[in-house]
Chemist: 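Please find one structure pasted underneath; my questions will follow.
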There are 4 protein chains.
Amino acid sequence: MSEGPRKTRGVHRGPRSRRIVESVREATIAELVRVGYANLTIGGVAKAAEVNRTTIYRRWPNKQALVAAAVEPLLETYEVDPGTGSLVGDLRALIERLRENLERPDARALTRVLMLNIPDLHDVVYASGERTIGAFDRAFTSARARGELGPEADLEMMSHLIFFGMLYWLIRHERFPSERECTRMLRVALASAPGVEVPDPAPADGSS
Amino acid sequence: MSEGPRKTRGVHRGPRSRRIVESVREATIAELVRVGYANLTIGGVAKAAEVNRTTIYRRWPNKQALVAAAVEPLLETYEVDPGTGSLVGDLRALIERLRENLERPDARALTRVLMLNIPDLHDVVYASGERTIGAFDRAFTSARARGELGPEADLEMMSHLIFFGMLYWLIRHERFPSERECTRMLRVALASAPGVEVPDPAPADGSS
Amino acid sequence: MSEGPRKTRGVHRGPRSRRIVESVREATIAELVRVGYANLTIGGVAKAAEVNRTTIYRRWPNKQALVAAAVEPLLETYEVDPGTGSLVGDLRALIERLRENLERPDARALTRVLMLNIPDLHDVVYASGERTIGAFDRAFTSARARGELGPEADLEMMSHLIFFGMLYWLIRHERFPSERECTRMLRVALASAPGVEVPDPAPADGSS
Amino acid sequence: MSEGPRKTRGVHRGPRSRRIVESVREATIAELVRVGYANLTIGGVAKAAEVNRTTIYRRWPNKQALVAAAVEPLLETYEVDPGTGSLVGDLRALIERLRENLERPDARALTRVLMLNIPDLHDVVYASGERTIGAFDRAFTSARARGELGPEADLEMMSHLIFFGMLYWLIRHERFPSERECTRMLRVALASAPGVEVPDPAPADGSS
DNA sequence: TAGTAAACGAGACGGTACGTCCAGTCTTTGC
DNA sequence: GCAAAGACTGGACGTACCGTCTCGTTTACTA
């Protein structure tokens, strides 16, 4: 026990441990994509990771923790701000980034997982949602700072509507909204902001 | 034995059978409220319904089917149209109905279930969502028929935004939006419809 | 056939009822041959007999009774005495009858059933065994009456040894004893009876 | 993880595992004695062994395998040869050993099990029977080696008749044959061997 | 670089639930 | 009204995971 001069103290960070952790993470995501959260089993992940089941339990206490840890790094994608200089530009850029993410099948699967209302997953999911929506919030805040939006504009609500409108269009229709649909959504959601114009999508060279 | 025509044909519809089916349905919902979908067990439902586990398996092949069958009748709540005579009135009435439903703990639990992305539940869930959103759609359609909305108004998008905006406000904040927040949401979401005014909530006896 | 305790009062005895009883009996034996006693199910018999499961339960209280009733008539095969005029002739005839029975697959299956030590089947089985062995006993008794066997001959024991020796040769070797083996068995088992000679089987025209 | 070849090889042989295996074996036999094979349940054995049902399934795939494994060691009782120096002495000793075994209720129950014609149990049963009969065979072989039996004696058949005659006397009469009956049986079965005398049982001090 | 803490692989265990099957009883149906 | 059809209770089956544990063995800190 803690008696006597310990020779080592910290956790292992050697190549083997790192390899294992990474291998498990990848396997977790792969399994998630393959069978979904409900059918995810520790044994399955262990086999896919070519690791012993026990090893997984040693590091992650249960399925939720495992998934949370595996999924976590993916959320950083949305951290950065686009910085296109205009509100509509920023939003379009964020939506584009969403699209890029969600059109990769693995991310699609992960998104489904993140939208599960599993109680134990709630924290990760909530954090993930807030982090992603945060990017939208920042786009609005920057726009106000630039003077694009007046003080009466309801930033929070616009951000909320656009984000969830986007996300659930995907869920409802099983596909990402088209350029046209994005434009429609932005127009409706931004209508309360005077002076903000949402031009037609690129291919159509429409003036306002 | 191949002795002539069969003597009976249909399934049982007697009082006992009916009682059992109903009892199981109630127990399923009660258990769903009590422990949630993830922890729902057929055995638990059977015990709560004072019915044998086998009896449940005879009628519903698995948990998904059981839950789907149990939940299905609840979706009819949203079928009727409020008919208040104005778009904002209708929307407020629908929101009010949502609130009434979602503030009852059992309906809360059911809503959570409906928002689970369980593959086998997908059909029921999708149908449920569409049915509910349908009420919003109809409110908009009626409004256009009454002349409240012009042909350029994007009914589908407004409906979509309001519905999912509402639903996910609940999820994000773990409470139903307040009157004030509903007003804000409606104002943002309806801003693109010229001529539609969203008055302050009732307590303030504001003029337009 | 011993139809067990009647479940209804006015049991029908018309052609239909008789047909059903017979059909069930045949199906029981067929199933017994097909799947064996352990895997015999009332449902299986009912299906094979094209009769409702309930119908079987109405007439036979349980599986054991059903099998007992179905098997019972088969035991009468061994009732009659061969009457060849000599002990060895009678025994050979009885063995021949055994062979005929046991080489038909259905009788093989039934024999297996009869050799199961199922408690509830014990009575039928015991009765069956005793009835069959009774034919051997009678052969010995007749022989003594004819003067072939003296008073010191242990009829009971010889009968016992020949019968079970026969039966378990079949079980052990998975085939009926050959003519040669029958001869050997008879010679050993009848050696204690002075004056009884067991000639070689027919094909070999051996001298004494 | 693909870290080279396997690091351990065998199953666990620690004291705990051994204890469990032994405990299950004892419980199996106890249950067999208590309720019989037909009513034996894995759950019952598990409870009696104070072990989880799963644990049993992990080691033995089903009831048959469990019983086979539990019963197997009991068969070794008959392996050794008596070595009394005379054929009749050896046979009497073997019969005595049979009696000792079969008069203990647990062995009685086991014997019943072994005589069940259950297909899945066939191998154990057959092996068991052959092993036991082997002791009788050896007694005859030794007798011939000693010159007690001439080359014309049908050892195999005598052994067969005595063994099954013995066993089924037990079954038929629900009790082990008495000394007197054993003597009668031996006399009849050994009559074909010239020079072999079967004296009266001990209590009667009869000369030949 | 040696010794020891930390991590790993393998196998097993107690548990819980699953979905299936069957025995035997009870309830509906329909002629 | 009654026999057939069908549903119900109860219990066992064999399977799949979960999360925990022990026991050797291997890895990688650190003195």
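Only this structure's heavy atoms are used, side chains among them; waters, hydrogens and symmetry mates stay out. Convention: sequence-line order gives letters A, B, ...; per-chain numbering from 1.
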Chemist: Residues in salt bridge (charged side-chain N to carboxylate O under 4.0 Å, His left out) with R53(B), at least two apart?
Modeler: none
Chemist: How do R59(A) and S17(B) order along DNA chain E: which one's closest nucleotide is nearer the 5' end?
Modeler: R59(A)
Chemist: Would you mind telling me which of T28(D), V21(D), I42(D) makes a side-chain contact (heavy atoms from CB on, under 4.5 Å) with I56(D)?
Modeler: I42(D)
Chemist: Between P on dA6(E) and CZ on R18(A), what's the gap in Å once rounded to a whole number?
Modeler: 18 Å
Chemist: Write down the distance between CH2 (W60(A)) and C1' (dA7(E)), rounded to a whole number of angstrom.
Modeler: 12 Å
Chemist: For K47(B) and dT9(F), what is the distance between atoms NZ and P respectively, to the nearest whole Å?
Modeler: 15 Å
Chemist: Would you say that L32(D) contacts V45(D) through its side chain, given a criterion of any heavy-atom pair below 4.5 Å between the two side chains?
Modeler: no
Chemist: Measure the distance from CD1 on I56(D) to P on dA12(F) and round it to the nearest whole Å.
Modeler: 13 Å
Chemist: Summarise how protein sits on nucleotides 14-20 of chain E as a single string, 5' to 3': B when a protein heavy atom is under 4.0 Å from the base, S for sugar-phosphate-only contact, - for no contact.
Modeler: BBBBSBB
Chemist: Kindly write out the residues that satisfy salt bridge (charged side-chain N to carboxylate O under 4.0 Å, His left out) with R34(D), not counting sequence neighbours, or none if the list is empty.
Modeler: E31(D)
Chemist: Is there a side-chain contact between N62(B) and Y57(B), using heavy atoms and a 4.5 Å cut-off?
Modeler: no
Chemist: If we only count heavy atoms from C-beta on, is the R59(D) to S17(D) side-chain gap below 4.5 Å?
Modeler: yes
